[in-house]
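Because only heavy atoms are used, hydrogens play no part in the values below, and waters and symmetry mates are left out as well, while side chains stay in. Below, chains carry the letters A, B, ... as their sequence lines are ordered, and counting in each starts from 1.
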Amino acid sequence: MTHHAAQSVPTNPLRSTPALPALDGLPDWPLVLTLPATFLDPLATLRCGQAFCWSAVTVGGKRVWRGMSGPHPFLLVEGEKEHTVHSPTATPAAAARYFNHGLDVEALLASFPDDPWMARALAYCGGMRIVRQEAWETLATFICSAVKQVPQIEAIHMDLRRTFGAEVAPGFHAFPTPAALAAAGEEALRRCRLGFRAKGLHGTAVAVAAGKVDLAALEHLPTDEARARLVTLPGVGPKIADCVLLFGYGRPEAFPIDVWVERILRRLYFRGKKLPSKERLQRFAETHFGPWRGHAQQYLFHWVRTARPPEAMDPPKKKAPKKKSKPKKSRLH
DNA sequence: ACCCAGGACTGAT
DNA sequence: ATCAGTCATGGG
């Protein structure tokens with residue numbers, strides 16, 4: 001499986017396609033990056049539950065994605081052979097960094113185990129790439145992700161942008177700074193459907209704004225030490241810390257275990273056996289999936305969550321032995 | 001009405 | 001070290 005899996009971008013009808021509102025014209029922004037279609041599958045990459053600021057529109061029959069990386073607005077125009085990325089402010093280097101351009105895909109695939117589930121996942125979404133997001137935005141967004149579905153995380157994320165973020169271009173709101181969310185107050189955050197997550201988001205915004213955790217400094221720390229710092233923040237546990245390390249700090253060895261990944265491990269890799277503790281699962285992931293296990297995790301996650309292969313799904317829940325199942329047989333003997 | 005969702009936290013064994 | 005309860009909200 002070490003080849004050809006990611007060379008062709010699969011089109012799978014089972015994947016949900018985002019709504020495509022029509023758009024009259026595009027901003028005339030400079031071209032900053034060209035990506036081969038064999039390298040990047042925009043739908044898989046931007047809808048796989050790693051980034052939440054991207055939306056698709058159609059312009060002249062073309063699918064165009066709009067989103068941001070840090071302070072930079074972006075448009076990604078899909079093409080048959082290549083996609084083009086445009087931005088009014090971003091440098092080519094910034095765009096390339098975000099889209100992980102230059103990633104050695106051959107080496108990535110060669111590092112993966114030759115197991116049937118990885119093959120299935122790569123056949124399904126081999127063109128998915130893990131993008132490099134800004135650390136604070138990633139941290140804040142994944143605090144909001146706890147026990148929420150991907151579309152709801154997107155809604156919350158965009159709500160935070162529109163409500164508290166600066167509009168840097170028409171219709172493009174930057175993600176609010178730690179100071180902005182700290183100043184907003186927990187109650188104002190709670191009004192964006194955050195529920196119990198508002199406390200953690202606000203507490204973390206206050207802590208980061210006060211410099212109690214220096215997010216920029218984590219860039220230079222070993223992954224384990226950076227994780228130890230992240231989990232000191234309110235609302236941040238092991239899973240969210242691993243998401244931040246993987247998506248916001250470019251650590252491919254971070255392996256987030258959420259309910260889907262746990263289900264994948266239980267159903268596909270430990271079938272019939274007792275599922276080890278999270279700690280031991282991390283060690284299994286290290287030995288089985290290798291140094292790029294975070295990427296492997298994301299292929300498996302996106303494949304199973306969107307395609308829902310029956311082998312990976314839990315059997316339909318057994319009806320609770322409700323004693324009241326039937327009117328019973330009519331009494332009288 | 002019930003179950004689930006890219007969990008974290010608390011207080012019991 | 002594990003384990004249930006709890007925390008809000010929206011969708012199926």
Side-chain angles (χ1 to χ4, degrees), chain A residues 16 44-54 121 125 128 130-131 133 137-160 186-205 207 227-248 251 254-267 274-283 285 293-308 312-322 324-325:
Chain A
S16 61
T45 299
L46 302 175
R47 299 276 115 186
C48 73
Q50 62 172 330
F52 303 91
C53 67
W54 292 91
C125 57
M128 183 209 76
I130 289 188
V131 298
Q133 301 174 71
E137 171 184 333
T138 309
L139 170 61
T141 300
F142 275 93
I143 289 174
C144 305
S145 78
V147 205
K148 276 294 180 190
Q149 296 175 107
V150 169
Q152 300 176 30
I153 302 168
E154 289 179 8
I156 292 171
H157 174 94
M158 294 308 292
D159 216 342
L160 292 173
E186 182 180 330
E187 283 312 310
L189 298 182
R190 197 175 288 268
R191 275 175 233 131
C192 305
R193 318 158 191 161
L194 274 168
F196 59 82
R197 302 155 197 85
K199 179 192 292 286
L201 179 60
H202 184 252
T204 291
R227 180 186 292 105
R229 294 297 298 145
L230 287 171
V231 297
T232 65
L233 293 164
V236 182
K239 187 270 174 183
I240 289 176
D242 282 331
C243 285
V244 176
L245 291 166
L246 179 60
F247 304 130
R251 310 297 175 101
F255 189 86
I257 301 178
D258 74 321
V259 292
W260 283 99
V261 174
E262 180 178 343
R263 183 179 297 126
I264 287 165
L265 292 170
R266 186 176 66 246
R267 299 273 311 168
K274 185 179 54 162
L275 191 68
S277 67
K278 294 287 178 66
E279 228 37 48
R280 292 182 181 277
L281 285 177
Q282 286 291 343
R283 292 185 44 241
R293 52 193 174 278
H295 292 241
Q297 171 272 153
Q298 196 64 18
Y299 290 114
L300 292 166
F301 170 85
H302 183 58
W303 166 51
V304 169
R305 189 181 71 82
T306 58
R308 299 182 184 249
M313 302 303 292
D314 290 324
K317 66 173 195 276
K318 46 189 76 173
K319 290 302 268 180
K322 211 60 165 112
K324 191 79 193 290
S325 62

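Within 4.0 Å (heavy atoms only), A:P234 reaches sugar-phosphate atoms of the nucleic acid but no base atom. Counting any heavy atom pair closer than 4.0 Å across all strands shown, A:I156 reaches no nucleic acid atom. In this structure, A:V147 reaches the bases: a heavy-atom distance under 4.0 Å links it to at least one base atom across the strands shown.
Annotation: B:dG6 and C:dA1 have their C1' atoms spaced 25 Å apart (nearest Å). Between B:dG11 and C:dA8, the distance separating the two P atoms is 16 Å to the nearest Å.
Between A:H157 and A:C53, the shortest heavy-atom distance links the atoms NE2-CB, 3.5 Å. Here the shortest heavy-atom pairing between A:P234 and A:I143 reads O-CD1, 4.1 Å. In plain terms, the two heavy atoms of A:A207 and A:L233 that are nearest each other are CB-CD2, 3.7 Å. A:C48 approaches A:Q298 most closely through the heavy-atom pair O-NE2, 3.0 Å. A:K148 and A:R193 make their closest contact through CE-O, 4.4 Å (heavy atoms, listed as atom of the first residue, atom of the second, distance). Closest of all the heavy-atom pairs between A:R197 and A:L194 is NH1-O, 2.9 Å.
To the nearest angstrom, P of C:dC3 lies 11 Å from CG of A:L275. Between the CD atom of A:E154 and the P atom of C:dT9 there is a distance of 20 Å, given to the nearest Å. Rounded to whole Å, the distance from CZ on A:F301 to P on B:dG7 is 8 Å. Between the CD atom of A:Q152 and the C1' atom of C:dA8 there is a distance of 11 Å, rounded to whole Å. In this structure, A:K278 places its NZ atom 8 Å from P of B:dA8, rounding to the nearest Å. Taking atom CD1 of A:I143 as the reference point, atom C1' of B:dA5 lies 18 Å away to the nearest angstrom. With rounding to whole Å, A:F52 atom CZ is found 9 Å from B:dG6 atom P. Atoms NZ (A:K199) and C1' (B:dG7) sit 16 Å apart, rounded to a whole Å.
Side-chain proximity of A:S277 to the nucleotides C:dG11, B:dG7, C:dT2 is greatest for C:dT2.
Residue A:Q297 places a side-chain atom within donor-acceptor reach of the base of B:dG6, judged by atom type and a 3.5 Å distance cut-off alone. If you check distances only, the side chain of A:Q298 does reach the base of B:dG6 with a donor-acceptor pair under 3.5 Å.
Classified by interplanar angle (parallel below 30°, tilted 30° to 60°, perpendicular above 60°), the ring pair A:W260/A:F301 is perpendicular.
Without hydrogens or angle criteria, A:Q297 side chain to A:G294 main chain gives a donor-acceptor distance under 3.5 Å. A donor-acceptor pair under 3.5 Å is absent between the side-chain atoms of A:R251 and the main chain of A:L246, judged by distance alone.
Non-hydrogen atoms lying under 4.0 Å from DNA chain B are contributed by A:G235, A:V236, A:G237, A:P238, A:K239, A:I240, all within residues 235-244 of chain A. Non-hydrogen atoms lying under 4.0 Å from DNA chain B are contributed by A:F196, all within residues 187-198 of chain A.
Looking at heavy atoms from C-beta onward, A:F142 lies out of side-chain contact with A:V236 at the 4.5 angstrom threshold.
With the nearest nucleotide of DNA chain B identified for both A:I153 and A:V231, A:I153 has the one nearer the 5' end.
Taking 4.0 angstrom as the limit, A:R263 places a side-chain polar atom (N or O) nearer than this to OP1 or OP2 of B:dA5.
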